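Numbering of ligands and ligand atoms starts at 1, following listing order. What you see is a predicted model; the values in this text were computed from it and never measured.
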Amino acid sequence: MKIAIIGSGYVGLTTGTCLAELGNTVTCIDNNKEKIQILNNGEMPIFEPGLAELVKKNVSQKRLFFSTDIKNAVKSAEIVFIAVGTPPKPNGDADLSFVENVAKEIAKSITNYIVVVEKSTVPVETGEKVARTIENSGVSRELFDVASNPEFLREGSAIHDFMHPDRIVVGANSEKAREKLEELYKPLNAPIVFTDIRTAEIIKHASNSFLATKISFINAISRICELSGANVEEVALGMGLDRRIGKEFLKAGIGYGGSCFPKDVSAFIQIAKKKGYDFRLLKEVEEINKAQTEFFLKKIEETVWNLNGKTIAVLGLSFKPNTDDLREAPSIKIISALEKEGAKIKAFDPAAMGHAKTFLPNAAFCKNIYECLFGADAALILTEWDEFKKIDLKKAKQQMNTPVFIDGRNMFDQKKMKENGFNYISIGR
Ligand code: UGA
């Protein structure tokens, strides 16, 4: 099929590339000329494992194109995906102005029947607003359908998640649109949940909110574990093996971050409020998340005591491993708070340091783990990158001023750390 993807961020670019890999002809559009130029030069604007290789392959096989020209891409497309950003407004509402602008742009170029698909996470009823916008621009109702097909891929494992989804959700109010999307996703051999558009929109917000709730739940349990001398890792295992609970997303830590959970939870609270429901459960999920970062800061202060003039080594900056994404990363809040107290920050991240300089102008960025640990009064683990697991503990201890590890991701065995002479502090154990 001929596909246009409007918006070439994490979701748009991965979706477009994977759909090209499935044999479709895909044009990824973005209004950021620089980004399109980077892609057309064979480079990548983001770091996502395996994506660069897949882009290269599909570009060379002439199934994947990049352009700033919506008009041409829409004209020849059978399906157009809207994958632009829906950033949070100060009150937590999703800002849908990019979606509206794109709908107007798409409307200008519709000549043959197309399905316009919402891929971005949007509040319930956005589909109807997109349809109305296109219709108000003078396009006849027979020439298009709107569908909602929310994306569930995670950064860091985006290609795998796209190619092997647990389920695909297709919300459509017309048989024609439903069939088009069914045909598109046939090669993935995944269960498809067909719903109306509003239901599909709610599924996305409900899914992300539920996952965030699971994380806040285990973070709350981690506090109880600390207060009662239990071990949260073992509690999570003991709970998670019950299939009704499931072991995923029960990792206690420094709170969820990223471009999705914080934004989607607050957007869902706002959506519920507008509809007349006070979603107090989700408000508490947000509160627990905020408190978890604050609690971690307290742990640092209690361990290091006076922060003024102390050198703190930070291992891991991205909001999760295998990405360079720093949006809503707990590291930013933690580092800024420590700097406010007068601490000197040395940081190392395997992928995110290029971007980090703009977020953290006062931190010193190091070439590797050991350079980062050199002269440190304490080390913090803020992202669970695999390579941190392989740290040579003897060498690490030699580099540090004082052998203190405060681990926000429970990466190490407590006994082993103690045996190696570290004062090791972690979460909920
Ligand atoms: C999330 C969802 O998992 C995807 O299904 C969804 O498609 C995506 O949002 C989106 O809406 O676009 P993502 O934000 O990429 O994906 O990353 P996650 O792996 O979900 O992690 C989010 C945050 O939760 C990270 O800060 C991570 O460290 C934290 N987390 C995750 C925990 O603290 N504990 C866990 O057990 C799991």
Side-chain angles (χ1 to χ4, degrees), residues 7 9-15 18 46-49 51 83-88 94 118-123 149-162 164-169 201 203-222 232-233 235-237 239-240 245-268 285-286 288-290 292-293 295-296 316-334 352 381-385 407-411 427-428:
Y10 275 98
V11 170
L13 193 55
T14 310
T15 305
C18 290
I46 51 166
F47 170 73
E48 177 63 40
L51 189 58
V84 293
T86 51
E118 300 171 338
K119 202 52 156 162
S120 313
T121 303
V122 289
N149 168 222
E151 186 47 64
F152 299 104
L153 59 81
R154 290 162 298 177
E155 288 181 25
S157 53
I159 295 168
H160 178 271
D161 290 349
F162 186 95
H164 307 278
D166 290 340
R167 79 320 200 172
I168 292 165
V169 172
E201 289 166 336
I203 287 173
K204 172 68 192 198
H205 269 124
S207 299
N208 273 6
S209 298
F210 186 78
L211 290 170
T213 304
K214 251 188 131 175
I215 299 169
S216 279
F217 185 86
I218 200 67
N219 281 334
I221 296 291
S222 80
V232 74
E233 295 290 314
V235 171
L237 179 69
M239 286 171 63
I245 297 173
K247 54 184 169 26
E248 305 274 333
F249 281 69
L250 280 183
K251 192 108 191 66
I254 45 178
Y256 59 77
S259 65
C260 304
F261 287 173
K263 166 177 80 82
D264 291 351
V265 169
S266 64
F268 208 27
V285 165
E286 273 189 331
I288 293 171
N289 199 51
K290 218 168 91 202
Q292 197 67 6
T293 319
F295 183 60
F296 187 69
L317 297 169
S318 54
F319 82 97
K320 61 181 277 187
N322 299 319
T323 178
D324 60 352
D325 199 343
L326 282 160
R327 285 176 290 176
E328 299 288 327
S331 65
I332 311 263
K333 246 191 250 158
I334 291 165
I381 306 248
L382 301 188
T383 318
E384 67 277 34
W385 283 94
D407 181 358
R409 301 292 185 170
N410 288 354
M411 285 195 84
I427 306 281

Can you tell me if [X] contacts ligand 1 (heavy atom of the residue under 4.0 Å from the ligand)?
{"X": "K214", "answer": "no"}
{"X": "K204", "answer": "yes"}
{"X": "C260", "answer": "yes"}

Please name the pair of heavy atoms, one in [X] and one in [Y], separated by the smallest distance, quoted to 0.1 Å.
{"X": "I254", "Y": "T293", "answer": "O-OG1, 3.3 Å"}
{"X": "N219", "Y": "I288", "answer": "CB-CG2, 4.3 Å"}
{"X": "T323", "Y": "W385", "answer": "O-CZ2, 3.4 Å"}
{"X": "P87", "Y": "G85", "answer": "CD-C, 3.4 Å"}
{"X": "N149", "Y": "I168", "answer": "ND2-CG2, 3.8 Å"}
{"X": "P262", "Y": "G257", "answer": "CD-O, 3.6 Å"}

Do E155 and R327 meet the salt-bridge criterion of a basic N to acidic O distance under 4.0 Å?
->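 Looking at E155 together with R327, the answer is yes, because their closest N to O distance falls below 4.0 Å.
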
Please report which non-hydrogen protein atom sits nearest to [atom], along with the residue it belongs to and the distance in Å to one decimal place.
{"atom": "atom 37 (C) of ligand 1", "answer": "F249 CD2, 3.4 Å"}
{"atom": "atom 36 (O) of ligand 1", "answer": "K251 N, 2.9 Å"}
{"atom": "atom 30 (N) of ligand 1", "answer": "I215 CD1, 3.4 Å"}
{"atom": "atom 18 (P) of ligand 1", "answer": "K320 NZ, 3.6 Å"}
{"atom": "atom 3 (O) of ligand 1", "answer": "R154 CG, 3.3 Å"}
{"atom": "atom 26 (O) of ligand 1", "answer": "G257 N, 2.9 Å"}
{"atom": "atom 14 (O) of ligand 1", "answer": "F319 CE1, 3.7 Å"}
{"atom": "atom 28 (O) of ligand 1", "answer": "R409 NH1, 3.0 Å"}

Heavy-atom distance under 4.5 Å between the side chains of F162 and E151, does that happen here?
->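 Result yes, sub-4.5 Å side-chain heavy-atom pair found.
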
Tell me whether [X] has any N or O atom under 3.5 angstrom from an N or O of ligand 1.
{"X": "E384", "value": "no"}
{"X": "Y256", "value": "no"}
{"X": "F261", "value": "no"}
{"X": "L153", "value": "yes"}
{"X": "G258", "value": "no"}

Considering only heavy atoms of [X], which atoms of ligand 1 have at least one such atom less than 4.0 Å away?
{"X": "L250", "value": "36 (O)"}
{"X": "E155", "value": "15 (O)"}
{"X": "E151", "value": "7 (O)"}
{"X": "F152", "value": "4 (C), 5 (O), 6 (C), 7 (O)"}

Between [atom1] of [X] and [atom2] of [Y], what distance do you get to the nearest 0.5 Å?
{"X": "K251", "Y": "K214", "atom1": "NZ", "atom2": "NZ", "result": "13.5 Å"}
{"X": "Y256", "Y": "E328", "atom1": "OH", "atom2": "CD", "result": "10.0 Å"}
{"X": "K204", "Y": "T121", "atom1": "NZ", "atom2": "OG1", "result": "3.5 Å"}

Donor-acceptor contact present, side-chain K119 to main-chain T15, <3.5 Å |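 Not a single qualifying donor-acceptor pair exists.
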
